[in-house]
Amino acid sequence: LSTYTQLLSVCAQAKDIEGAFEVFTMLEKEGLKADCFLYTTLISACGKAGKVDLIFQVFHEMLKKGVEPNIHTYGALIDGCARAGQVGKAFGAYGIMRSKKLKPDKVIFNTLITACGRSGAVERAFDVLSEMNSEPVPIEPDHVTIGALIKACTKAGQVDRAMEVYRMMQDKGIQGSVEAYTEAIHACSITGDVDTAFQIFEDMKGCNIRPDEVFFSALIDVAGHAKQLDTCFKILKEMKQMRVKPGVVAYSAIMGACSNTGSWEKGLEVYRD
RNA sequence: GGGAGUAGCGA
């Protein structure tokens, strides 16, 4: 069963629904009975492919077969609904989970916050944050929570609020991650706030977190939005110095900056390099 | 260190 689950996990990543159900058929032919892990993975596969109907079909089949869903299962359910843009259903699944007396963990809350962010419901995202804190045993936000909140604010154009979340991470001493810092940098690109972006970069260095290509690309993007092409190239240089190889993501950011500043010659030059 | 759920990639 664990082998089939791993196989399913691959299908999920590739968003290959057909493959996923093929795997499911195979294991049934072998006379194996799917367990909670396997159903959860199948639900995740349907979710990543945006098939809400299938998600619930699988979920109900699971119940019918007497397999008890756990928080991982509900996590996949919530995430799947959210990816399909069905926030209402996502919270519905969350409600069912609570009614079954299952205790939500950090991942569940982070998934809910992400769901709110995707739909532009910033207030609701913060409501979820408060809810974490109101649990009998309060659940502390982590770097994923921070990243998801910053993204929600940024997407809604609330840059100041995104920065408040960033400061919250520091104030609460939450251990950051490249992804969280990248989100914070990304927020700066809306306003083209290069200074703040570099300040964040410094903060991150102070925490001994290694920037990667996506991080540097976000930084280049900020400078690009601020129409500071020279800064973009300085960042590219620093990136190489730190032995982070620029790939398509970084060069796309550079191209975007060239485009923003009308520097087509520079863009061509980079392309030829 | 061995199977499942969450965040950085819509100019």
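Bear in mind that the values here come from a model prediction, so they are computed numbers and not experimental data. In what follows, chains are A, B, ... by sequence order, proteins preceding strands, each numbered from 1.
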**Request:** Going 5' to 3' through nucleotides 2-8 of chain B, assign each nucleotide B (protein heavy atom under 4.0 Å from a base atom), S (under 4.0 Å only from sugar-phosphate atoms) or - (no protein heavy atom that close).
**Result:** -BBBBBB
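- Between the side chains of A:Thr145 and A:Asn110, at least one donor N or O lies within less than 3.5 Å of an accepting N or O.
- Look at A:Lys205 and A:Glu202 and you find a salt bridge, because one of the NZ, NE, NH1 or NH2 atoms lies within 4.0 Å of a carboxylate O, short of that distance.
- A side-chain donor-acceptor contact under 3.5 Å links A:Ser217 to the backbone of A:Ala250.
- If you check residues 161-169 of chain A against RNA chain B, you find no residue with a heavy atom closer than 4.0 Å.
- A:Tyr166 and A:Glu183 share no donor-acceptor pair across their side chains, judged by distance under 3.5 Å alone.
- With sequence neighbours excluded, no residue forms a side chain to side chain contact (heavy atoms under 4.5 Å, CB included) with A:Glu265.
- A:Phe201 and A:Phe215 have tilted rings, their planes meeting at an angle from 30° to 60° on a 0 to 90° scale.
- Here the CZ atom belonging to A:Arg167 is positioned 11.0 Å from the CG atom belonging to A:Asp203, to the nearest 0.5 angstrom.
- Applying the under-4.5 Å side-chain rule to Ile, Leu, Val, Met, Phe, Trp and Tyr, the cluster around A:Val249 extends to A:Val248.
- A distance of 11.5 Å separates CD in A:Gln13 from OG1 in A:Thr41, rounded to the nearest 0.5 Å.
- Residue A:Val159 is found in a hydrophobic cluster whose other members, listed by chain and number, are A:Ile190; membership requires side-chain heavy atoms under 4.5 Å apart, directly or through intermediates.
- Of the residues in residues 125-138 of chain A, none has a non-hydrogen atom less than 4.0 angstrom from any atom of RNA chain B.
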